[in-house]
Amino acid sequence: MYFPQLRLRRLRRNESIRRLVRETSLRVDDFIYPLFVCPGKGVKIPISSMAGQFQLSVDHILEEVEEAGGLGIPGVILFGIPERKDEMGLEAYSDNGIIQRAVRAIKEEFPDFLVITDVCLCEYTSHGHCGVVDGDQILNDPTLELLAKQALSHARAGADMVAPSDMMDGRVGVIRKGLDEKGYSEIPIMAYSAKFSSSYYGPFREAAESAPQFGDRKSYQMDFANAKEALREVRLDIHEGADIVMVKPALPYLDIIYRVKEEFDIPVAAYNVSGEYAMIKAAAQLGWIDGERAMMESLLSIKRAGADIIVTYFAKEAAKRI
Ligand code: PBG
Ligand code: ZN
């Protein structure tokens, strides 16, 4: 049957019909909310390039967690701004580091709320790279041991899940082994598997004060021209023990999300990154776009592409609209 007997507009006539045939929907359960933890007490510093986001001391982090939990958001992912940075990123794997303290505080007050920690060195190193540096080289294998120590220290503090974002080869396997050997075999790994070298991380680097002090991240993060390589990265991470794989950023990489979901039977997360958030916020502030609608449309597109989980700074706002 074709037009004029067939008319697809019949199923778009009103909102009730549209609801009935809607193929994809967002759920509050899909969201993970990123938070930036900083030292001190009573500290709440706005991040200028990310309207509505802050660097928060642990006391304020607890308020955020309470609010997010109240909205039904299942969990947060934590990024740390340490007291001090050094060549080796010591505070990343210190049991008294900023993240470790935040995790303990959250788990003490909200034991059932999911706490995921970002595992990477760039927020803690003076040079801002995600691994150990020798001259202008970012060393792979010496970094692995530090990442495993960091993940273990997060688990000891009570983290429910660890999320390595460094893009060193072999890190998922080394972290898995490290956790298993110390009795944390039940802690899942959400691997940033296909993480592209992206200009969309700009605002995050302001927020986490983690911009590389020399060079760029192209020798470890992926070339954004490559899709097949993304599938290889995902396959390797699954082989090494990843429980959830992530594609990052999200919106310019919906094709990657789709392909990963088609190819593998594993939960897929997508990170709707800082630049994606900032663009919508900026255009909305200028009155050039309806920010709320653009937010919902963007998040839905990530879901439609195949993501099961969306890490997004919009989590609270979107939860309020669902
Ligand atoms: C650190 C890390 C980055 C993001 C998450 N973890 C930045 C980077 O690689 O420079 C980006 C998140 C965002 O932009 O929202 N490895
Ligand atoms: Zn990093």
Side-chain angles (χ1 to χ4, degrees), residues 31-37 47-55 76-82 85 88-89 91-93 98-99 116-133 138-140 143-144 146-147 150-151 154 161-169 171-172 175 189-224 233 246-253 269-282 298-299 302 309-315:
F31 300 141
I32 295 170
Y33 188 44
L35 291 173
F36 299 97
V37 196
I47 300 159
S48 60
S49 53
M50 297 173 75
Q53 305 299 317
F54 303 85
Q55 294 182 346
V76 290
I77 183 164
L78 301 180
F79 297 94
I81 297 122
K85 305 189 185 223
M88 299 297 277
E91 198 174 320
Y93 36 91
I98 184 74
I99 288 294
I116 306 172
T117 54
D118 185 81
V119 173
C120 197
L121 299 183
C122 55
E123 294 133 64
Y124 308 91
T125 51
S126 44
H127 45 73
H129 277 289
C130 304
V132 176
V133 157
I138 318 304
L139 306 179
N140 194 89
T143 301
L144 299 180
L146 302 186
L147 294 169
Q150 185 182 14
H154 292 173
M161 193 185 296
V162 293
S165 70
D166 52 285
M167 288 300 279
M168 298 298 131
D169 283 324
R171 90 274 206 214
V172 172
I175 289 172
I189 299 176
M190 176 167 75
Y192 290 68
S193 301
K195 177 172 177 181
F196 291 87
S197 179
S198 170
S199 56
Y200 290 89
Y201 304 151
F204 174 96
R205 292 179 188 173
E206 180 207 329
E209 300 171 11
S210 64
Q213 298 303 300
F214 67 88
D216 53 41
R217 302 210 203 288
K218 288 183 183 160
S219 75
Y220 43 107
Q221 298 181 348
M222 282 189 58
D223 183 335
F224 55 75
E233 282 284 4
M246 195 198 289
V247 176
K248 176 182 174 191
L251 294 172
Y253 299 89
Y271 200 136
N272 178 224
V273 302
S274 56
E276 301 173 57
Y277 175 82
M279 283 197 302
I280 291 179
K281 284 289 176 190
S298 301
L299 294 172
I302 297 167
I309 299 162
I310 306 174
V311 183
T312 180
Y313 304 97
F314 286 121

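One-based numbering, in listed order, for ligands and for the atoms of each.
Protein heavy atom in closest approach to atom 12 (C) of ligand 1: Phe204 CD1, 3.3 Å. Nearest protein heavy-atom contact of atom 11 (C) of ligand 1 is Lys248 NZ, 2.9 Å.
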### Query
Would Ser298 and Leu251 count as a side-chain contact (heavy atoms from CB on, under 4.5 Å) if you check the C-alpha gap in whole Å, the side-chain angles of each, and the deciding distance to 0.1 Å?
CA-CA 7 Å; Ser298 301; Leu251 294 172; 3.9 Å; yes
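Note on ring orientation: taking the six-membered ring where Trp is involved, the planes of Tyr313 and Phe36 are parallel (angle under 30°, cut-offs 30° and 60°).
Gln55 places no side-chain N or O within 3.5 Å of a backbone atom of Ile81 that could act as its donor or acceptor partner. Side chain of Gln150 to backbone of Val119: no donor-acceptor contact under 3.5 angstrom is found. Using modelled atom types, no side-chain atom of Tyr253 and backbone atom of Lys195 make a donor-acceptor pair closer than 3.5 Å. Formation of a donor-acceptor pair under 3.5 Å by the Asn140 side chain with backbone atoms of Asp169 is found in this model. No side-chain donor-acceptor contact under 3.5 Å links Gln221 to the backbone of Met167. Using modelled atom types, one side-chain atom of Gln213 and one backbone atom of Ala211 make a donor-acceptor pair closer than 3.5 Å. Distance alone, capped at 3.5 Å, places no donor-acceptor pair between the Lys218 side chain and the Asp223 backbone.
Per-residue contacts place Asp118 under 4.0 angstrom from the following atoms of ligand 1 (heavy atoms of the residue considered): 6 (N). Near Phe79, meaning under 4.0 Å from any of its heavy atoms, are these atoms of ligand 1: 5 (C), 6 (N). Heavy-atom proximity to Tyr271, at under 4.0 Å, picks out these atoms of ligand 1: 12 (C), 15 (O). Near Arg205, with a cut-off below 4.0 Å to any heavy atom, the atoms of ligand 1 are 8 (C), 9 (O), 10 (O). Close contacts between ligand 1 and Cys122 involve ligand atoms 1 (C), 16 (N) [criterion: under 4.0 Å to a heavy atom]. The contact set between ligand 1 and Lys195, taken as ligand atoms under 4.0 Å from a residue heavy atom, comprises 1 (C), 2 (C), 3 (C), 6 (N), 8 (C), 9 (O), 16 (N). Atoms of ligand 1 lying under 4.0 Å from any heavy atom of Gln221, numbered from 1 in the order shown and given with element: 8 (C), 9 (O).
Taking only nitrogen or oxygen atoms, main chain and side chain alike, Glu123 does not reach within less than 3.5 Å of ligand 1. Below 3.5 Å of separation, one finds no N or O of Tyr192 facing any N or O of ligand 1.
Under 4.0 angstrom from ligand 1, the non-hydrogen atoms of Ser274 come from both its backbone and its side chain. With a heavy-atom cut-off of 4.0 Å, Tyr313 touches ligand 1 through its side chain alone. When heavy-atom distances to ligand 1 are checked against a 4.0 Å cut-off, Asp166 has no atom that comes that close, whether in backbone or side chain. Within the 4.0 Å heavy-atom criterion, both parts of Ser165, backbone and side chain, lie near ligand 1.
When side chains are defined from C-beta on, Phe204 does not count as touching Val273, because their heavy atoms never get closer than 4.5 Å.
Residue contact annotation: Cys122 places an N/O/S atom under 2.8 Å from the Zn ion (ligand 2).
The shell of residues lying under 4.0 angstrom from ligand 1, judged by heavy atoms, excludes Tyr277.
Taking a 6.0 Å sphere around OH of Tyr200, one finds it holds 12 or fewer heavy atoms contributed by other residues, nucleotides or ligands.
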